[in-house]
Amino acid sequence: MRFRPFLLMSIVVLSPLGAQDLIHPSFTFTASTLAPVLRSLPVSLRSAVQADPRAFLEDYKPLLTQPSDLLILVDKKNELPSDYEADDLVVLKAPAFNVNKTGMKFRKAYLTPLTNLVKALKKEGLNPVISSAYRSWAYQKDLFQNYVTRDGLATAERYSARPGRSQHQLGTVIDIGVLAPELADTDEGRWLAAHAAEFGFSMSFPDGQESLTGYVFEPWHFRYIGVEACTVQKKWFGDLQQRLVEFHNAQGATLRAGLKK
Ligand SMILES: [Zn+2]
């Protein structure tokens with residue numbers, strides 16, 4: 001192609017790199033500085049963000065200022081220290097909560113959304129039992145070992161976590177309803193799948209995602225990540241918590257650094 005200095009100069013003069021190249025008024029990102037942030041995403045998700053990066057940043061913005069412990073990555077490859085324990089655990093008590101044993105704990109900071117979730121269920125005439133909430137590292141160690149003894153290591157690993165790798169250690173997780181895949185076909189299960197996100201609760205191990213999450217379908221296991229994060233999960237991450245939390249763990253700090261002061 002023939003070099004055309006005049007045309008090139010016009011482009012430079014007409015489009016100086018400036019405020020109009022910023023994707024979003026609250027961030028310092030341009031298309032080229034945002035690109036590496038998105039690189040780790042699967043192509044389909046990345047394309048959707050690149051088609052409307054301003055909307056993505058607008059939706060993601062609240063996740064950068066909410067408490068960072070809501071999106072800690074805990075999975076088969078990322079473990080919590082054995083002494084990790086939130087300092088605001090409170091006991092879930094009947095009759096506010098339909099618990100199947102006494103002494104189950106949840107983080108006080110997020111007790112209101114849990115209370116609202118349960119109230120909304122009750123309004124529908126539903127009151128599924130909560131059978132697990134916070135679990136300490138030591139409790140999880142015993143639990144996992146019991147499953148290994150009963151079912152063997154390979155099977156136990158598909159439905160139970162080694163100590164330090166359970167989301168339950170966060171204190172922001174509940175198991176609610178029958179602990180069986182059939183829960184998904186009950187009124188409780190259907191309601192939870194459809195509405196838990198409105199209260200900030202995300203199903204961690206959805207159906208057909210074992211290769212991604214490491215676990216079989218658990219329609220009863222919900223982690224509180226916040227309403228905005230649930231929205232972002234649904235809209236930008238294929239409704240997969242694992243994808244959102246992995247992304248946040250890898251790129252959250254970079255996105256936060258791109259927020260204008
Ligand atoms: Zn669980």
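Numbers for residues simply follow the sequence, beginning at 1. All ligand and atom numbering here is 1-based and tracks the order in the structure. Values in this document were obtained by computation on a predicted structure and should not be read as measured data.
The Zn ion (ligand 1) sits nearest to atom ND1 when only the N, O or S atoms of H221 are considered. Per residue D175, closest N, O or S atom to the Zn ion (ligand 1): atom name OD1.
For Y60 and F247, the ring centers sit closer than 6.0 Å to each other.
Evaluated for a ring pair (Phe, Tyr, Trp, His ring centres under 6.0 Å) with F205, the options W220, F222, Y215 yield exactly one hit, Y215.
Between the side chains of K61 and S26, at least one donor N or O sits under 3.5 Å from an acceptor N or O. Side-chain contact check for W236 and D59: at least one donor-acceptor pair (N or O, by modelled atom type) lies under 3.5 Å.
The Zn ion (ligand 1) has no N, O or S atom of E218 inside 2.8 Å of it.
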